Amino acid sequence: MKKTILMAALVLIGACCYAQKANVKKTRNLILQETPDFDAARAMIAPALTDEETKGLAETWYVAGLIGYTQNEKFNIDAMMNQPVDDNVKGQAIMESFDYWVKADEIAMTPVYDKKGKAKVDEKTRKTIATKMFEYYNGNDFVKYGIYLNDQRDYANAYKAFMRHLQIQDLPMMQDPKMQEKMPKDTIYDQYKYYAAIFAIQAEMHPEAIALLEEMKDGEYEAVTVCQFLYQEYVAIKDTAKYVAQLQEAVVRFPKEPWFLQNLINHYIYSGQTDQAIVYLDQAIEREPSVGQYHLIKGNIIANENR
């Protein structure tokens, strides 16, 4: 009796696994047919993403990502034919496919050993995904979605969309030298990173904003503004040591920008560190001797200390 029950259980497990593998194939058919059914495709693939047998297959996650990719393609065709396009649904589709494909590549690049102990990596799937990811990059799909979200004042998701674009160059599947040549980290890359930081600031995502600004602060792109933003973000999280250090660095780096020096002087005055305030006031006077406010503030400090 027990043996019969065990055999029945094994048959059920095998049938479930077979069913989920079949669902992956059916999902692909649903999205590649003449009139794709994306909702049905998502419902069909969902169980395969959690099933113990199919969730470990790169093909499962690749097909899941193919849904959003194909839906995005359809929207692009609709736009060319002057048909209405739901920009939010279009953007969500590519965001979804990005995450699924990162997971697919993670599985595909994991070595599988045959009976002889030889390791094999699923390079075919990896190259297929890389090609499609490059299409997203080359078409600025995530950037366009981020701009749309910014217009909707959804700054947190605008940040996420721009970060998807910025992450493409660094994905393991994209490290082929020829592919990298097509994705230089140039001024445009810096510009997108700058916008991503602004979205994070607007969304009050302080750690995310600081991380991006710290990466950019020693570069040339919008250097003054980047350092100003970084100072303000450290002020927002009340990290006094960091914002003072940022001001001190900027005072040296940007001698023609009085903003940093003025904020540093104010910090030392309001924190009661008048000796330090005078040191930087002397720098300010040396740089801009005709600015009477510096002389007035220094005189007031000295007069107050002599009382």
Side-chain angles (χ1 to χ4, degrees), residues 146-147 149-151 153-163 166 185-307:
I147 292 170
L149 291 168
N150 177 63
D151 291 341
R153 299 187 179 182
D154 185 353
Y155 304 121
N157 283 315
Y159 160 82
K160 292 176 184 177
F162 265 64
M163 288 304 296
L166 293 170
K185 291 186 176 180
D186 52 13
T187 303
I188 295 175
Y189 175 87
D190 292 336
Q191 183 183 47
Y192 291 158
K193 183 179 283 192
Y194 178 75
Y195 288 145
I198 291 175
F199 296 149
I201 291 168
Q202 290 172 308
E204 298 185 3
M205 300 166 65
H206 302 300
E208 290 82 358
I210 288 170
L212 285 173
L213 294 168
E214 281 285 359
E215 289 177 11
M216 297 186 70
K217 73 174 186 177
D218 295 326
E220 297 301 320
Y221 187 83
E222 295 290 346
V224 172
T225 307
V226 165
C227 291
Q228 288 174 333
F229 281 150
L230 186 55
Y231 157 73
Q232 290 168 344
E233 285 300 290
Y234 281 131
V235 170
I237 64 171
K238 297 180 172 58
D239 192 331
T240 304
K242 288 287 180 66
Y243 80 63
V244 170
Q246 177 56 36
L247 288 174
Q248 290 172 334
E249 290 175 17
V251 164
V252 175
R253 185 179 175 190
F254 307 109
K256 294 182 180 180
E257 295 292 340
W259 189 91
F260 298 103
L261 191 51
Q262 290 166 359
N263 277 281
L264 190 57
I265 291 167
N266 285 338
H267 163 74
Y268 285 126
I269 290 173
Y270 290 121
S271 62
Q273 301 178 67
T274 53
D275 289 343
Q276 283 293 93
I278 289 175
V279 168
Y280 284 101
L281 276 165
D282 286 340
Q283 283 192 32
I285 291 168
E286 183 179 351
R287 293 179 182 183
E288 298 180 288
S290 62
V291 178
Q293 190 73 7
Y294 294 144
H295 297 277
L296 178 61
I297 294 171
K298 180 179 177 181
N300 287 337
I301 291 174
I302 294 172
N304 289 333
E305 287 185 341
N306 288 337
R307 288 178 184 177

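These numbers were taken from a predicted model, which means no experiment stands behind them. Counting from 1, the numbers follow the sequence of the chain as shown.
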Trainee: Kindly list each side-chain donor-acceptor pair under 3.5 angstrom involving residues 202-213, sequence neighbours excluded, with atom names and distances?
Mentor:
{"unit_1": "His206", "atom_1": "ND1", "unit_2": "Glu233", "atom_2": "OE1", "d": "2.8"}

Trainee: Would you compute the distance between atom CH2 of Trp259 and atom CZ of Phe254 and round it to the nearest 0.5 angstrom?
Mentor: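 Answer rounded to 0.5 Å: 11.0 Å.
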
Trainee: Nearest 0.5 Å, what's the CG-CD distance between Leu281 and Gln283?
Mentor: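 Here the interatomic distance stands at 10.0 Å.
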
Trainee: Taking side chain to side chain donor-acceptor pair (under 3.5 Å) as the definition, give me every residue that meets it alongside Tyr195, ordered by chain and number, with sequence neighbours left out.
Mentor: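 Partners of Tyr195 under the side chain to side chain donor-acceptor pair (under 3.5 Å) test: none.
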
Trainee: Show the atom names and distances, to 0.1 Å, of all donor-acceptor pairs under 3.5 Å that link a side chain in residues 291-298 to residues at least two apart or in another chain.
Mentor:
{"unit_1": "Tyr294", "atom_1": "OH", "unit_2": "Gln262", "atom_2": "NE2", "d": "3.1"}
{"unit_1": "Tyr294", "atom_1": "OH", "unit_2": "Glu288", "atom_2": "OE1", "d": "3.2"}
{"unit_1": "His295", "atom_1": "NE2", "unit_2": "Pro289", "atom_2": "O", "d": "3.0"}
{"unit_1": "Lys298", "atom_1": "NZ", "unit_2": "Asp282", "atom_2": "OD1", "d": "2.6"}

Trainee: With sequence neighbours left out, what residues match Glu215 under side chain to side chain donor-acceptor pair (under 3.5 Å)?
Mentor: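 Partners of Glu215 under the side chain to side chain donor-acceptor pair (under 3.5 Å) test: Lys193.
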
Trainee: Would you please name every residue forming a side chain to side chain donor-acceptor pair (under 3.5 Å) with Thr187, sequence neighbours left out?
Mentor: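 In terms of side chain to side chain donor-acceptor pair (under 3.5 Å), with neighbours along the sequence ignored, Thr187 is linked to no residue.
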
Trainee: Quick one: list whatever passes salt bridge (Lys or Arg N to Asp or Glu O under 4.0 Å) with Asp218, sequence neighbours left out.
Mentor: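 For Asp218 there are no salt bridge (Lys or Arg N to Asp or Glu O under 4.0 Å) partners, ignoring immediate neighbours.
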
Trainee: My understanding is that only residues two or more places apart in sequence, or in another chain, count here; which of them pass side chain to side chain contact (heavy atoms under 4.5 Å, CB included) with Asp239?
Mentor: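 Asp239 satisfies side chain to side chain contact (heavy atoms under 4.5 Å, CB included) with Tyr234, Ile237, Ala241, Lys242 once adjacent residues are dropped.
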
Trainee: How many angstroms lie between CD1 in Ile265 and CD1 in Ile278, if you round to the nearest 0.5 Å?
Mentor: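 Spacing of CD1 (Ile265) from CD1 (Ile278) equals 11.0 Å.
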
Trainee: What pairs with Glu222 under side chain to side chain contact (heavy atoms under 4.5 Å, CB included), at least two apart in sequence or on another chain?
Mentor: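 With sequence neighbours excluded, Glu222 shows a side chain to side chain contact (heavy atoms under 4.5 Å, CB included) to Tyr194, Thr225, Val226, given in chain and number order.
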
Trainee: For residues 260-270, pull every pair meeting salt bridge (Lys or Arg N to Asp or Glu O under 4.0 Å), keeping only residues two or more places apart or in separate chains.
Mentor: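 Non-adjacent pairs meeting salt bridge (Lys or Arg N to Asp or Glu O under 4.0 Å): zero.
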
Trainee: Glu249: which residues meet the side chain to side chain contact (heavy atoms under 4.5 Å, CB included) condition with it, sequence neighbours left out?
Mentor: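 Scan of Glu249 (side chain to side chain contact (heavy atoms under 4.5 Å, CB included), adjacent residues dropped) gives Lys217, Gln246.
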
Trainee: Any sub-3.5 Å donor-acceptor pair from Asn304's side-chain atoms to Asn300's backbone N or O?
Mentor: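 It does hold such a pair.
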
Trainee: What residues, two or more places apart in sequence or in another chain, satisfy side chain to side chain donor-acceptor pair (under 3.5 Å) together with Asn157?
Mentor: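 If we apply the side chain to side chain donor-acceptor pair (under 3.5 Å) test to Asn157, skipping adjacent residues, the hits are Asp154.
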
Trainee: Looking at residues at least two apart in the chain, or sitting in another chain, which of them share a ring pair (Phe, Tyr, Trp, His ring centres under 6.0 Å) with Tyr155?
Mentor: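 Result, ring pair (Phe, Tyr, Trp, His ring centres under 6.0 Å) vs Tyr155: none returned.
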
Trainee: Testing the basics here: between Ile147 and Phe162, what is the closest heavy-atom pair and its distance to 0.1 Å?
Mentor: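 Closest approach of Ile147 to Phe162: N-CE1, 3.9 Å.
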
